[in-house]
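Accompanying notes for the structure given below.
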Amino acid sequence: MVDRRAASNRFLSCYAGMRRKDLAALLQVHHVVITRWAKGANVPWNKLKFLSDSQGISWDWLLAGTEPMHSGKVPVNPESSHPPFDIPEINRRFVSLFTGMTQADIAQALEISLPTVNQWCHGVCRVPWKQLDFAVTHFGVRWDWLIDGIEPKHMEDKRQNSKHIS
């Protein structure tokens with residue numbers, strides 16, 4: 001389960017050298033919003049995406065506190081503080097976890113409607129964060145893989161890869 005307060009703290013730690021007013025301008029929010037985040041309010045997903053994209057910050061570190069902090073993806077300079085999520089790809093990766101299951105099986109397993117699963121499969125709507133969090137916990141996949149498609153797919157693969165590097 002994602003501890004959103006801890007994620008907010010990790011998010012703000014990446015901007016520790018900035019004044020709140022400057023950070024607010026960068027993120028296109030009122031400076032009072034930054035103060036709320038510092039007091040534990042949830043940072044919106046699109047702001048987390050902006051940080052991940054602009055600084056190459058790992059979703060696994062941001063949302064779960066797992067090392068390393070940087071994902072290995074090349075930082076980009078998003079044109080706005082609202083970079084788009086690739087919803088069809090996130091949905092595709094999520095649904096792919098249910099190997100060998102029909103859409104009806106997935107719906108039953110998640111206790112949701114079949115039309116909802118069908119909409120996810122066709123990219124009509126996004127898989128809710130609660131379900132993505134379930135996938136990370138239940139299937140042991142990495143946030144970086146689920147959101148950005150960065151390999152390795154599973155947490156244990158990441159540990160095995162780091163053992164081979166050292």
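For the numbers below, each heavy atom of this structure counts, side chains included, while hydrogens, waters and symmetry mates do not. We're numbering straight along the sequence, starting at 1.
- Qualifying side chain to side chain contact (heavy atoms under 4.5 Å, CB included) partners for L62, counting only residues two or more places apart in sequence or in other chains: L48, L51, I57.
- For P78, the side chain to side chain contact (heavy atoms under 4.5 Å, CB included) criterion is met by F50, D53, S54, V76, P83, not counting sequence neighbours.
- Between S113 and T116, some side-chain heavy-atom pair lies under the 4.5 Å cut-off.
- In this structure, CD1 on I34 lies 13.0 Å from NZ on K21, to the nearest 0.5 angstrom.
- In this model, a donor atom of one side chain and an acceptor atom of the other lie less than 3.5 Å apart for W59 and S52.
- Put simply, F94 and L114 are part of two different groups of oily side chains (I, L, V, M, F, W, Y) that touch within less than 4.5 Å, one to the next.
- Contact annotation: the side chain of C125 approaches that of W120 to within less than 4.5 Å [non-hydrogen atoms, C-beta and beyond].
- When side chains are defined from C-beta on, L97 counts as touching K153, because their heavy atoms get closer than 4.5 Å.
- With sequence neighbours left out, the salt bridge (charged side-chain N to carboxylate O under 4.0 Å, His left out) criterion links K47 to no other residue.
- D60 places no side-chain N or O within 3.5 Å of a backbone atom of T66 that could act as its donor or acceptor partner.
- The backbone N or O of W37 sits nowhere less than 3.5 Å from a side-chain atom of S8 that would complete a donor-acceptor pair.
- A salt bridge links K49 with D148: at least one charged nitrogen is closer than 4.0 Å to a carboxylate oxygen.
- D105 is linked by a side chain to side chain contact (heavy atoms under 4.5 Å, CB included) to M101, T102, counting only residues two or more places apart in sequence or in another chain.
- Separating the CG atom in L23 from the CZ atom in R20 is a distance of 9.5 Å, to the nearest 0.5 Å.
- With rounding to the nearest 0.5 angstrom, the CD atom of E79 is 13.5 Å from the NE2 atom of H82.
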Acceptor/donor pairs from residues 126-135 side chains to any protein atom, 3.5 angstrom cut, sequence neighbours excluded:
| from | atom 1 | to | atom 2 | distance (Å) |
| --- | --- | --- | --- | --- |
| D133 | OD2 | V2 | N | 3.1 |

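- To the nearest 0.5 Å, atoms CZ (R92) and NE2 (H122) are separated by 14.5 Å.
- You'll find the side chain of I147 stays beyond 4.5 Å of the side chain of R93, heavy atoms only.
- No side-chain donor from either of S58 and K73 sits under 3.5 Å from a side-chain acceptor of the other.
- Put simply, the side chain of C14 reaches to within 4.5 Å of the side chain of W61, judged on heavy atoms.
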| Between R5 and D3, does a salt bridge (Lys or Arg N to Asp or Glu O under 4.0 Å) hold up when you go through it step by step? | CA-CA 6 Å; R5 184 178 187 133; D3 179 349; over 6 Å; no
List the atom pairs, with distances to 0.1 Å, where a side-chain N or O of residues 24-32 and a protein N or O form a donor-acceptor pair under 3.5 Å, not counting sequence neighbours.
| from | atom 1 | to | atom 2 | distance (Å) |
| --- | --- | --- | --- | --- |
| Q28 | OE1 | S81 | OG | 3.3 |
| H30 | ND1 | V32 | N | 3.1 |

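- Linking ILVMFWY residues whenever their side-chain heavy atoms come closer than 4.5 Å, directly or via other members, leaves F85 and I150 in distinct clusters.
- By the neighbour-count criterion of 12 heavy atoms within 6.0 Å, atom CD of E89 is densely surrounded, having more than that number from other residues, nucleotides or ligands.
- Using a 4.5 Å heavy-atom threshold, the side chains of F98 and L110 count as touching.
- Residues V141 and M155 form no side-chain contact, since every pair of their non-hydrogen atoms from C-beta on lies 4.5 Å or further apart.
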